[in-house]
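Read the structure below first, then the notes.
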Protein chains: 2
Amino acid sequence: MALRHAVLAALLDEELSGYQLAKAFSVGVANFWHALPQQLYAELARLERDGLIAGREVVQDTRPNKRLFTVTDAGLAELDAFAAAATKPSFLRDDLAVKVQAADHIDSAVLIGQLAERAEIARAKADLFENLLRTMRGAAEEDDFLRHGTRIGPYLTCLRGLAFERGNHDWCLRTIGILKAREAARVRP
Amino acid sequence: MALRHAVLAALLDEELSGYQLAKAFSVGVANFWHALPQQLYAELARLERDGLIAGREVVQDTRPNKRLFTVTDAGLAELDAFAAAATKPSFLRDDLAVKVQAADHIDSAVLIGQLAERAEIARAKADLFENLLRTMRGAAEEDDFLRHGTRIGPYLTCLRGLAFERGNHDWCLRTIGILKAREAARVRP
DNA sequence: TGAGCATACTCAACAATCTGACTAGTCACA
DNA sequence: TGTGACTAGTCAGATTGTTGAGTATGCTCA
């Protein structure tokens, strides 16, 4: 049930609509969780029903009306309880890793293509995260911001996302290099 | 449907029983995918039914009999097709990240405890992976093994797992440091 | 003026994953 | 002699997550 808490955590810093939340959880800013819009709307409905968030209707002229949600005191208490409970371990689950595991039995060229694609995606995400971090810390130095800033939670998870994507990127490039070297060695051993 | 292919990839290098597979996918050696025993037994049954793997009964004296599985030619073809198909993006989905996202609203001490626990787990997994890598490359230097060794797939995914766990570890320790510094600053600003 | 994109959501069906319980024999240790 | 851990699995049920399709309006750009 951690999607529940991920939504609560996302709503802590700003009042959001389901639609805005959905963008944050899908497009790439989802540096700490990922979910599809359908899941989020369903979860918001449950959270409101259980009194952990409160919605208010915002009437708009040129666009469809929307509902903005904020975390209630009960929601905060729920987050506290979640934080205190045992943390589930996190596991890798990545199609690309499965393909690399089978590297010795599948076509190198295909694999190199997939790795290059992923490397590019990882680079783009890393760039995005770097920009986000810059925006969050504003004019302050990072150390200073982290020591004295308010709302460092999103910054910290973004740091993790950045490291993750850089790791991804580096691994892809290194793996490509190794596969190419082996191809070359096979031709001219 | 990537569990299917993860199982095929795992069976490429050695004939395994469901039980052995389950250990590989759960305990921690699961550096490229994670799954519970129940899922694996079910998937093995489907794979055998579809002719992608073949099982053979091994009668044992002192233990229950077991069935060992190998990938068939049809299985190899399936893996080829999988490798050539588009790779799904991989997303972070981690309880601990959710807790850190809410860092500004929950008790620091609790969070530091959780981070310390995770740091220790990550360190242990990293150690495990380092040992695995040493075992796989044997007497050879890493570069040499990667250039000329057979079966580098598992080595490459293990490298990714290692980097992931080290990233985890570093992030936990850094985050703990930041949270402690903030606590200190709050007491004596 | 019409094609495509953005806002703001909803519904249904399906696939994947997880929780928890259960069988049944072996082995080591106290 | 019993307690717990290891081997080798199976079954049922609930929860989560994914796929795909729809509704309705307004804005921009060619």
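A note on names: the letters A, B, ... follow the listed sequences, proteins ahead of strands, and every chain is numbered from 1.
- Atom CG in A:L68 sits roughly 13 Å away from atom C1' in C:dT7 (whole-Å rounding).
- Salt-bridge annotation for A:E183 and A:K180: absent, with no side-chain N of the basic residue lying under 4.0 Å from a carboxylate O of the acidic one.
- When each of D:dG9, C:dT19, C:dT17 is scored by its nearest atom to the side-chain atoms of B:K66, the top-ranked nucleotide is D:dG9.
- For A:Y19 and C:dT7, the shortest distance from a side-chain N or O to OP1 or OP2 is below 4.0 Å.
- Taking atom CD on B:E15 and atom P on D:dA8, their separation rounds to 13 Å, with Å as the unit.
- Listed nucleotides C:dT17, C:dA8, D:dG17 differ in distance to A:R63; the shortest reach to its side chain belongs to C:dA8.
- Under 4.0 angstrom from either OP1 or OP2 of C:dA16 there lies no side-chain N or O belonging to B:R46.
- Salt bridge present: A:E48 and A:R67 bring a charged side-chain N and a carboxylate O closer than 4.0 Å.
- In this entry the distance linking CD of B:Q20 with C1' of D:dG9 reads 13 Å, nearest Å.
- A salt bridge is defined here as a Lys NZ or Arg NE, NH1 or NH2 lying under 4.0 Å from an Asp or Glu carboxylate O, and A:R56 with A:E15 meets this definition.
- Atom-to-atom, CZ of B:F25 to C1' of D:dG9 comes out at 17 Å; the value is rounded to the nearest Å.
- Protein atom CG of B:L36 is 18 Å distant from nucleotide atom P of D:dA14, rounded to whole Å.
- Take the nearest nucleotide of DNA chain D for B:F69 and for A:D61: the residue whose nucleotide is more 5' is B:F69.
- Taking 4.0 angstrom as the limit, B:K23 places a side-chain polar atom (N or O) nearer than this to OP1 or OP2 of D:dT7.
- Each of D:dG17, C:dA16, C:dC9 was ranked by its minimum atom distance to the side chain of B:M1; first place goes to C:dA16.
- Counting atom types as modelled, A:Q38 pairs a side-chain N or O with a base atom of D:dG20 as donor and acceptor under 3.5 Å.
- Nucleic acid contact class of B:R4 (heavy atoms, under 4.0 Å, all strands): none.
- Checked by atom type and distance alone, the side chain of B:R182 pairs as donor or acceptor with a backbone atom of A:G149 at under 3.5 Å.
- Residue whose closest nucleotide on DNA chain D sits further toward the 5' end, between B:K88 and A:P64: B:K88.
- Contact annotation: B:Q60 reaches the phosphate of D:dA8 (side-chain N/O to OP1 or OP2, under 4.0 Å).
- In this structure, A:L3 places its CG atom 15 Å from C1' of C:dT17, rounding to the nearest Å.
- Residue B:S17 places none of its side-chain N or O atoms closer than 4.0 Å to OP1 or OP2 of D:dT7.
- We find that CD of B:Q39 is positioned 16 Å from C1' of D:dG9, with the value rounded to whole Å.
- Atom CZ in B:R56 sits roughly 13 Å away from atom P in D:dA8 (whole-Å rounding).
- Of the charged side-chain nitrogens involved, at least one lies within less than 4.0 Å of a carboxylate oxygen, so that A:R4 and A:D50 count as a salt-bridged pair.
- The side chain of B:T62 places an N or O atom within less than 4.0 Å of a non-bridging phosphate oxygen (OP1 or OP2) of C:dC27.
- Contact check for B:L21 versus B:F69: no side-chain heavy atoms found under the 4.5 Å cut-off.
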